[in-house]
Amino acid sequence: MKISAIRHVSGFDVARPVSIGVMLGIMLPLVLLPLLSIFIFGTSKGLGTFWSALVAPDAIFALKLSIVTSFWATLFNVTFGLFAAYVLSRYDFWGRNAVIVTISLPTAIPTAVAGFALLLLWGKYGMIGKFFSERHQVMFTPYAIILANIFVTFPLAFGVIKPVFDTMSRSLEEASATIGATRLQTFWHVTLPSLRGAIVSGALLTFARAVGEFGSTILVSGNLAGRTQTAPLYIYAKFNEGQIEAANAIAIVLALLSFVIFSVLFFARDWLEFETQEA
Amino acid sequence: MALAADRDPHVSWAPDRERRTGVAASVRGVSKRFKKSRILEDISFDVAEGESLVLLGASGSGKTTILRIIAGLEQPDQGRVILHGKDVTDLPARERGVGVIFQAYALFPRMTVEKNIGYGLKIRRLPRKERRETVNRLLKLVQLEEHRKKYPWQLSGGQQQRVAIARTLAYKPQVLLFDEPFGALDAQTRVKLRREIRSLLKQVKVPAVFITHDQEEALELGDRIAVLNDGHLEQIGTPDEVYNQPATEYVATFLGAANLLLGVVTQGCVEIGSARLPAARETARFREGQSVKLVFRPEDICVSQDANLPEGCRRLANGVIEEVNFVGSYERLNVRLDLTHRRQAEHEPPLYQVTINTPERMTGVPIMVTRPKPKGNATRYKAGDRVAVGLTSFSVLPNYTLARQR
Ligand SMILES: Nc1ncnc2c1ncn2[C@@H]1O[C@H](COP(=O)(O)OP(=O)(O)OP(=O)(O)O)[C@@H](O)[C@H]1O
Ligand SMILES: [Mg+2]
């Protein structure tokens, strides 16, 4: 994209360097420096310290747990989001708008409230939890973390996929039907490929959000090192214990992960949607 | 570029050879409402094997709805759809074997030209080899061999349309339905493409239904034309019939320009004011004294300065030339007919109230006449010339004053 500057005067435009400078000046302390400090501090005692902090068993476990629980939550929410978006954009029924609002609700709820609500429902004395025996309790296990992740990231994939469904031309699906395809074949061969970009970005968004989830996880997981401690909880715990290097190593990994996801989201979109660029 | 004149025997398939003269598709008494408004009222027509029928009508007249009902994308409230003798009204779209070419072609954006064309075969789980052969044959037929690996957005509008046609031909549809196939194209391409499609259809011998609101397109594409007006069928017939013997005023005015005069049937003539047009055959179906409309096209009028009108031209009245215009390939004359002392029909409101200053013009009726260039050059007219006016062909329609009299 080429941007042509608004020119009131010919020759050197003073507004240009000044405005760019002000913008960067605001961003620096608020966004860039905090991120930079993680890397500067984390590597200040040498890469050796960083490495040993990273490969500590609890650290590895926390990272793995975060990734695995986020993966399942993502898988569930993308599948459900796809299904819900299909139903809600293809069928009209009484209360349809209410359902759309409800699906989107978890974004607006504080994560601590979400965790607390889950405890009330699934906990030992909760509405569902009380029917489970002591050994099969869900709360304070990795499953609780998945449940919390599902809850807080629920609307993300749906929110990305639904607009694509809405704007998708019905005539593609109708064409497929007249050609002789069943609903399932149409969905698989025609609808789904057009959603590829939305599904990938929805999944990445959900995953990124789930990996970083803290508020609800700390309530429902029990925060047991090596058992139910996710990476963000590990950072918090190590920081409280004064082990800044340990916290920092994981922080670097999480930050890098976010960078990667963000870059994929940013750059892969074009690639994923290349065939429809013209449309 | 003409389509490949490919005489491959596999290219053409009539669904059943001995039923060649039979009916491929028929719509019987179809009605449809959306919410409270009536969209289609008791529509019936047949499409013969190998025939192309054009549905012509103004925007919103219900053309697309008829097409969608035939394709199974919409359910009629009443009536039946029959394809090759089989009632398919209750079958879903995918079991009807109908090919629809959508207005914007609806090509699958994530599939190449090849894959688009092969889609119907893939769905039917045909062996890969057979699929490839059919796709190759169709690519050749629509002349897109060098574009086979491209995606739809990399093709021109006309090429996209050919892919859409090949995609439906691949699964040998019982009937092809085209929804305004040339709507998205420029005027020149439209003309070129409709000739291509016409010759392609003659090759593959699949019956087709076209939708258009362009009368020129309708006349050129259709073996027969069905004129639709606000949800009901006004007339169905060959282009010649529909154009030269319009059944209703709507058909006459929708297809080309037409002059309309009100008259009364009197002794085998149409009496229009003081004028009497001999029309024994045309008035045979009316009773004496019935109020009728005389409909005639501008090009079916002959004018002459001496009283001798050419052979086959029936004298209508005298008139005054008011204006002469050259409109490209032909000449247009505005003529005001002298039609005084018109006898009024039973219960008929007074007719033309032309209020212009001169006494002659007070009762005159303006008509439009067109003449081809050579004729215009042979005898030049100027405004104010008095001429005799005759008609070579015209139609006489009942003059219903109320819609429910239809
Ligand atoms: N799904 C629908 N719900 C409600 N009304 C509809 C629906 N589909 C069509 N209509 C109405 O039916 C009428 C006929 O529509 P249709 O699309 O058949 O017209 P058309 O002859 O194809 O017009 P055009 O030349 O503009 O495409 C229109 O008044 C339209 O508003
Ligand atoms: Mg239409």
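Each chain gets a letter, A, B and so on, in the order the sequences are listed, and its residues count up from 1. Keep in mind that the numbers below use all heavy atoms, side chains included, and drop hydrogens, waters and symmetry copies.
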* Can you find a heavy atom in the side chain of A/Leu172 that is under 4.5 Å from one in the side chain of B/Pro109? -> yes

* Within 6.0 angstrom of A/Phe83 CZ, more than 12 heavy atoms from elsewhere -> no

* Drop me the distance from A/Glu173's CD to B/Leu73's CG, to the nearest 0.5 angstrom. => 11.5 Å

* Given side chains that start at C-beta, do those of B/Phe108 and A/Pro193 come closer than 4.5 Å, heavy atoms only? -> no

* Write out, in numerical order, the residues from residues 115-133 of chain B with a heavy atom short of 4.5 Å from a heavy atom in chain A. => B/Tyr119, B/Gly120, B/Lys122, B/Ile123, B/Arg124, B/Arg125

* Decide yes or no on side chain to side chain contact (heavy atoms under 4.5 Å, CB included) for B/Arg110 and A/His189, but give the supporting numbers first. => CA-CA 9 Å; B/Arg110 304 301 172 117; A/His189 293 295; over 6 Å; no

* Asked: Are the side chains of B/Val98 and A/Thr178 in touch, meaning some heavy atoms are under 4.5 Å apart?
  -> no

* To do: Against chain A, label B/Leu177 side chain, backbone, both or neither, depending on which of its atoms sit under 4.5 Å from a heavy atom there.
  => neither

* Asked: Is there side-chain contact between B/Arg94 and A/Gln185, with heavy atoms separated by less than 4.5 Å?
  -> no

* Which answer fits A/Ser171, side chain, backbone, both or neither, if we ask what part of it has an atom under 4.5 Å from a heavy atom of chain B? -> both

* Asked: Does atom CG of A/Leu30 have more than 12 heavy-atom neighbours from other groups under 6.0 Å away?
  -> yes

* Count the heavy atoms belonging to other residues, nucleotides or ligands that lie under 6.0 Å from CD of B/Gln188, then report whether that count exceeds 12. => no

* Taking non-hydrogen atoms and a cut-off under 4.5 angstrom, which of residues 60-77 of chain A neighbour chain B? -> none

* Heavy atoms of other groups near A/Phe214 CZ, more than 12 under 6.0 Å -> yes

